[in-house]
Amino acid sequence: MRIGELARATGTTTRALRYYEEHGLLHPERSANGYRSYPPDAVKLVENIRLLLAAGLTTEDLLLLGGCLRDEVIGGHHCADPAAKVEVFEQRLAVIQRRIDDLTAVREQLLAQLEDLRAPAALARRGKCAKLRDATAGRPRELLSGAA
């Protein structure tokens, strides 16, 4: 299969495939005229690469997975030695958890600041209502409603 066919089969671009090749993730054979030729299992490999990159792993992480990249990433895992896969996934999960913790802290800070920003407006509205209540205290309801 040539590069354009692989790109169409995987929903990616030829540029992305060349990027994967440059980073050692794809290893096409070259024909006499220099065209890249990919085996049929390259479709699964590229799908896994895209899935794992989208999940936050880096190309360096994927290189550590070696032959396990050709495995089913979701569902059954048949990697002969999953130790590298386990290690990479644990490291990446730790990084993701740190990001979640950092984002949660930022979210809490923003919520607190938003509450502080809204507080003066709420106090001002309450103050206006109190002034109106005080100003209209003791007046007959008909005068206030304009029904008089």
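Predicted, not measured: the structure shown is a model, and the values here were computed from it.
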Taking all non-hydrogen atoms of both residues, which atom of [X] and which atom of [Y] are closest, and how far apart?
X	Y	result
Ile3	Thr14	CD1-O, 3.7 Å
Leu62	Leu25	CB-CD2, 3.6 Å
Tyr38	Glu21	OH-OE1, 4.0 Å
Thr10	Val43	CG2-O, 3.8 Å
Ala16	Thr12	CB-OG1, 3.3 Å

Look up atom [atom1] in [X] and atom [atom2] in [Y], then write down how far apart they are to the nearest 0.5 Å.
X	Y	atom1	atom2	result
Ile49	His23	CD1	NE2	11.5 Å
Leu69	Leu64	CG	CG	10.0 Å
Leu65	Leu52	CG	CG	6.5 Å

Worksheet item: So, the side chain of Arg92 versus the backbone of Asp61: is there a donor-acceptor pair under 3.5 Å, distance only?
Response: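 Not at all, since once roles are kept as given, no pair shorter than 3.5 Å links the two residues.
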
Fill in: Side chains of Arg36 and Arg30 in contact at under 4.5 Å (non-hydrogen atoms)
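Touching, per the 4.5 Å side-chain cut-off.
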
Worksheet item: Are any of the side-chain heavy atoms of Tyr19 and Thr59 separated by less than 4.5 Å?
Response: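 Contact flag for Tyr19/Thr59 side chains = yes.
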
Discussion item. I'd like to know if Lys44 and Glu47 make a salt bridge, using a cut-off of under 4.0 Å between side-chain N and carboxylate O.
Written reply: yes

Worksheet item: For the hydrophobic clusters of this structure (ILVMFWY residues joined by side-chain heavy atoms under 4.5 Å, transitively), does one cluster hold both Leu45 and Leu63?
Response: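 Result: yes, single cluster for both.
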
Worksheet item: Apart from Val95 itself, which Ile, Leu, Val, Met, Phe, Trp or Tyr residues share its cluster (side-chain heavy atoms under 4.5 Å, direct or through members)?
Response: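 Result for Val95 is none, singleton.
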
Worksheet item: To which residues is Leu114 joined in a hydrophobic cluster, defined by side-chain heavy-atom contacts under 4.5 Å among Ile, Leu, Val, Met, Phe, Trp and Tyr, whether direct or through other members?
Response: none

Which pairs would a plain distance check flag for residues 101-111, meaning a side-chain donor or acceptor within less than 3.5 Å of a matching protein atom at least two apart in sequence or in another chain?
unit_1, atom_1, unit_2, atom_2, d
Asp101, OD1, Gln97, NE2, 2.9
Thr104, OG1, Ile100, O, 2.8

